[in-house]
4 protein chains.
Amino acid sequence: MNTVILIGRLTRDPESSTAGGYARCRFTLAVERPYTNQQGDREADFIDIVTWRQLAEVCGKHLAKGRLVAVRGRLQVRSYETEDGSRRRVAEVVAEDVRFLDKPRDRQGESEQPSTADLGEIDDDEVPF
Amino acid sequence: MNTVILIGRLTRDPESSTAGGYARCRFTLAVERPYTNQQGDREADFIDIVTWRQLAEVCGKHLAKGRLVAVRGRLQVRSYETEDGSRRRVAEVVAEDVRFLDKPRDRQGESEQPSTADLGEIDDDEVPF
Amino acid sequence: MNTVILIGRLTRDPESSTAGGYARCRFTLAVERPYTNQQGDREADFIDIVTWRQLAEVCGKHLAKGRLVAVRGRLQVRSYETEDGSRRRVAEVVAEDVRFLDKPRDRQGESEQPSTADLGEIDDDEVPF
Amino acid sequence: MNTVILIGRLTRDPESSTAGGYARCRFTLAVERPYTNQQGDREADFIDIVTWRQLAEVCGKHLAKGRLVAVRGRLQVRSYETEDGSRRRVAEVVAEDVRFLDKPRDRQGESEQPSTADLGEIDDDEVPF
DNA sequence: TTTT
DNA sequence: TTTT
């Protein structure tokens with residue numbers, strides 16, 4: 001049993017690629033901690049998410065920096081060797097489900113004056129909560 | 001929202017210490033993946049757990065290498081600088097609840113011939129599921 | 001171990017009361033199912049939530065019909081006897097954490113023309129995600 | 001988002017059947033509450049679980065009264081009309097994953113003197129945690 | 001009885 | 001390196 005559920009905002013636009021023949025989409029979530037620190041401000045955990053296949057396609061198409069999402073997945077720890085021979089570990093959440101919790105804004109670097117029509121075509125409402 | 005639930009076995013005995021005036025107990029869980037790899041064997045994720053205060057005391061007293069536990073907690077990512085100035089990240093689960101799912105064995109390096117009396121005193125049944 | 005995590009919208013305004021000397025707040029969430037039915041529309045589960053103490057006060061003050069929230073809690077099943085002597089069971093989620101996922105609208109039956117000042121006083125932003 | 005994770009013991013043997021052309025298996029879990037009541041004893045919630053298809057077959061074959069399992073699923077509330085025309089609601093967890101957390105005992109009403117061979121054939125170890 |  |  002290995003289940004992770006997170007709600008947070010994307011720290012930057014997602015990165016889409018292909019790996020092993022499957023669509024893959026990666027992004028990082030800023031997940032706020034439940035308490036404030038001694039300086040009185042709320043810290044966040046920056047958690048790497050990876051999605052595959054159809055879910056990767058939906059995420060790559062609709063997500064963008066700042067969007068609020070809920071993720072359910074599995075915590076995975078990968079181990080690898082660096083160039084100088086030392087071992088490093090990477091922790092990431094392999095998403096099994098992603099819900100979009102806010103309305104899309106215009107995507108960075110796409111259109112300067114996004115129209116309702118453009119937003120209609122992106123049609124984030126196909127994948128509402 | 002940041003919730004992690006894991007079931008797995010301790011890879012070694014837990015490490016108890018004190019930090020910031022609070023009892024702390026650390027251990028690593030081997031959490032089996034839901035599928036088998038191409039060689040047909042089941043891999044595992046090795047996930048670091050940290051517990052604090054009373055929960056740390058209970059874990060330090062009753063847990064041991066090989067024990068099966070369920071953990072509910074929060075996925076935390078800490079960032080630190082190495083001696084040579086590079087940045088590293090550490091992911092760990094801060095446990096809010098730990099359930100013991102099997103009966104205790106004798107603890108490594110304690111007694112060669114543990115008696116039922118000894119086990120009775122340890123009394124893991126105080127903290128049954 | 002008994003953990004439930006839900007995201008959904010309140011089907012009506014929450015009900016605040018006092019029980020056993022503690023503040024209590026009840027509401028029902030409409031939680032959409034992951035799939036659509038044979039008629040092609042998405043059904044929902046209507047799940048009763050109960051909160052206590054400080055969390056009840058925050059929920060009673062800030063929540064309203066239609067608001068989107070995330071709830072983490074425990075699934076509880078209570079059994080009771082009806083007037084005619086038959087046994088009934090009630091399932092509800094006892095919330096341990098509630099996150100508000102959207103901006104407040106004006107509350108039903110409060111002010112016909114809510115002003116930004118009024119919203120400022122309610123100050124839902126004290127309890128943002 | 002609708003995720004439930006439970007650990008508990010079966011209150012009786014599971015019931016296997018077929019519904020809508022699919023294998024279905026139902027059982028009830030006794031899930032202990034985290035606290036003790038005023039009489040000092042630990043109560044439990046009795047939560048109905050339903051599984052479908054291959055998972056139903058595995059559960060029907062290997063589970064029995066008293067077995068300790070972990071369930072991940074979705075909380076579903078069904079509404080129905082009674083003979084006298086009143087409305088009732090039923091809450092149950094639709095399991096997506098079930099893990100067996102202890103070794104099988106001999107099943108009620110099967111063999112008086114189960115042998116290791118019999119247990120070997122049941123081979124619960126195919127589905128270990 | 002149900003939310004968007 | 002980080003989101004609102």
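First the proteins, then the strands, lettered A, B, ... as listed; each starts at 1.
- At E/dT1, one or more side-chain N or O atoms of D/Arg87 fall inside 4.0 Å of OP1 or OP2 (strictly under the cut-off).
- Between the CZ atom of C/Arg26 and the P atom of E/dT2 there is a distance of 20 Å, rounded to whole Å.
- Rounded to the nearest 0.5 Å, atoms CG (A/Asp48) and CZ (A/Phe27) are 10.0 Å apart.
- Put simply, CZ on C/Arg9 is 19 Å from C1' on E/dT1, counting in whole angstrom units.
- For C/Thr11, whose side chain is taken as the heavy atoms from C-beta onward, the closest listed nucleotide among F/dT2, F/dT4, E/dT2 is E/dT2.
- Spacing between atom CZ of A/Phe100 and atom P of E/dT4 amounts to 22 Å, rounded to whole angstrom units.
- Of the candidates B/Arg78, B/Arg24, B/Arg74, B/Glu92 forms a salt bridge (Lys or Arg N to Asp or Glu O under 4.0 Å) with just one, namely B/Arg78.
- Whole-Å rounding puts the A/Arg42 CZ to F/dT4 P distance at 16 Å.
- The number of heavy-atom neighbours closer than 6.0 Å to CD of A/Gln54, taken from other residues, nucleotides and ligands shown, is 12 or below.
- Rounded to whole Å, atom C1' of E/dT3 lies 17 Å from atom CE of D/Met1.
- Note: CG (C/Leu6) to C1' (E/dT3) measures 14 Å, nearest angstrom.
- A straight line from CG of C/Leu10 to C1' of E/dT2 spans 11 Å, rounded to a whole angstrom.
- Atom NZ in C/Lys65 sits about 10 Å away from atom C1' in E/dT1, given to the nearest Å.
- Between the side chain of B/Arg89 and the main chain of A/Phe46, a donor-acceptor pair closer than 3.5 Å is present.
- Judged by ring centres under 5.5 Å apart and planes tilted less than 30 degrees, A/Phe46 fails to stack against the six-membered base ring of F/dT3.
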